[in-house]
Amino acid sequence: MNSHPAQSGTSSQPAEAITILGSTGSVGQSTLDVISRNPGRYRVAALTANRNAQHLAEQCARFDAQLAVVADPGRENELYRALKELDCRAAVMSGEAGLAEAAGLPGVDTVMASIVGAAGLKPTLRAAETGKKILLANKESLVIAGEVFTRVVRRNGAKILPVDSEHNAIFQALPGGFEEGLEYVGVEKIILTASGGPFLDKPSCELALVTPAQACKHPNWDMGKKISVDSATLMNKGLEVIEARWLFDARPDQIEVLVHPQSIVHSMVAYRDGSVLAQLGTPDMRTPIAHALAWPQRIEAGVKRLNLAQLGDLSFREPDFERFPCLGLAFEAMRAGGNAPVVLNAANEIAVEAFLDERIGFDRISTLVDRVMQNVEVCAIKMIDDVMEQDRRARAVANEIIKEIL
Ligand code: NDP
């Protein structure tokens, strides 16, 4: 970040108050970067982290936040001390109550939901309950609780603006909106592009031996560790398929995945009249973040401009479901509905953590997810408590099965 953020509004418009859930992560930091490039337009109200108290304190001091929250209560004192050292007067909270307070802070219009994993669900839901404009990066909220979550959004007059680059691209390729339904605006298909990750062309027999460092080194995107591994297994694309189903109220058979190794076309919408609308850009999360922040206006994002002549060729191919079984498992979970996406996501979170800790091989991630899905019977999800219960159950089953496949 290189420019100093202004916290007061411009003379013509008051600054828009924004809270960032997960501000110390990759998306959170990029959001603060975009904010700092647009002085006077935004005011940072609350920032949250899991355990990274020092980094959080520095962000709070720099952006003059009024509330700092660490999810881990054991880090509250460290946060308090770090803020004091920096002469920052932000209030300090921790745990679930702190996250809920940050997400629902009165006087705040906009919440960037960028906590990673299922842990993001409750705070994001709180933002929906309090009628916020939610800039949604935490795809897991929609994956595991799509029906309940979208119901809460509608009931409370909240709004979701997609930040995930593919969903943001689809949103941009729906210029007529989709409030009346995809059918009404003539959408035939939603086509999610996938880079294919770092192992797109690696022979299957070598996948067992890849290291966490190799899996986290994405060819085009700079992201947090969990989503980087998900990109390498194509589970990320699978989660995005389910996310798209809820975000755009799409039928499962309307969603397709197309591998596009250059990550320039971020996704496409195919219409009844034969038109295909795509959104293009350099692979930099600051573009979709800036788009969601300023929509329906456009603001400076600090990204490198796209030079198609320099790029030369853009290529596309079908995904390889055999080499990347996680993608097929996600389609299966979407079609099954009920608790299946919760089970898929929970098993995947356990598997990715075990892979990052070098307890299981890369090829075992899909094995574990598959086994857990087979071992937890499908049931309906009616409310958030059902989601939390199924999430707990699937994690317990995953932790048992993992012992067998070490
Ligand atoms: P990171 O791992 O980089 O950051 C995660 C953030 O969440 C950090 O602030 C972290 O705090 C916080 N956090 C982690 N665990 C918890 C918890 N249990 N409770 C509360 N806060 C927690 O993730 P990313 O920024 O990569 O991803 C965030 C979300 O955005 C994910 O859902 C991902 O799928 C999605 N996304 C990310 C993209 C990217 O380019 N990175 C692109 C599109 C979507 P701490 O620093 O203390 O650990």
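Numbering of ligands and ligand atoms starts at 1, following listing order. All figures in this text were calculated on a predicted structure; none of them were measured in a lab.
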key: By side-chain hydrogen bond (donor to acceptor under 3.5 Å, both in side chains) - contacts of T110 (at least two apart)   = E16

What are the polar N/O contacts of ligand 1 with the protein below 3.5 Å, with distances?
residue  : atom   : partner : partner atom : Å
ligand 1 : 3 (O)  : S26     : N            : 2.9
ligand 1 : 9 (O)  : G22     : O            : 3.3
ligand 1 : 9 (O)  : T24     : N            : 3.4
ligand 1 : 9 (O)  : T24     : OG1          : 2.7
ligand 1 : 9 (O)  : G25     : N            : 3.1
ligand 1 : 11 (O) : T24     : OG1          : 3.3
ligand 1 : 11 (O) : N50     : N            : 2.9
ligand 1 : 25 (O) : S26     : N            : 3.1
ligand 1 : 25 (O) : V27     : N            : 2.9
ligand 1 : 26 (O) : G224    : N            : 3.0
ligand 1 : 30 (O) : A137    : O            : 3.4
ligand 1 : 32 (O) : E140    : OE1          : 2.7
ligand 1 : 41 (N) : S26     : OG           : 3.3
ligand 1 : 46 (O) : T24     : OG1          : 2.6
ligand 1 : 47 (O) : N50     : N            : 2.9
ligand 1 : 47 (O) : R51     : N            : 2.8
ligand 1 : 47 (O) : N52     : N            : 2.9

request  = Please lay out, stage by stage, how R245 and V241 fare under the test side chain to side chain contact (heavy atoms under 4.5 Å, CB included).
outcome  = CA-CA 6 Å; R245 185 252 174 281; V241 165; 6.0 Å; no

request  = Under the side chain to side chain contact (heavy atoms under 4.5 Å, CB included) rule, what do E140 and L121 come out as? Steps first, then yes or no, please.
outcome  = CA-CA 7 Å; E140 293 87 350; L121 174 62; over 6 Å; no

query = Sequence neighbours excluded, which residues qualify as ring pair (Phe, Tyr, Trp, His ring centres under 6.0 Å) partners of Y271?
reply = none

Sequence neighbours excluded and cut-off under 3.5 Å, please list the side-chain donor-acceptor pairs for residues 175-188, or say none.
residue : atom : partner : partner atom : Å
E183    : OE2  : R272    : NH2          : 3.0

request  = Return the minimal non-hydrogen interatomic distance between M223 and S231, and the atom names on each side.
outcome  = CE-OG, 3.3 Å

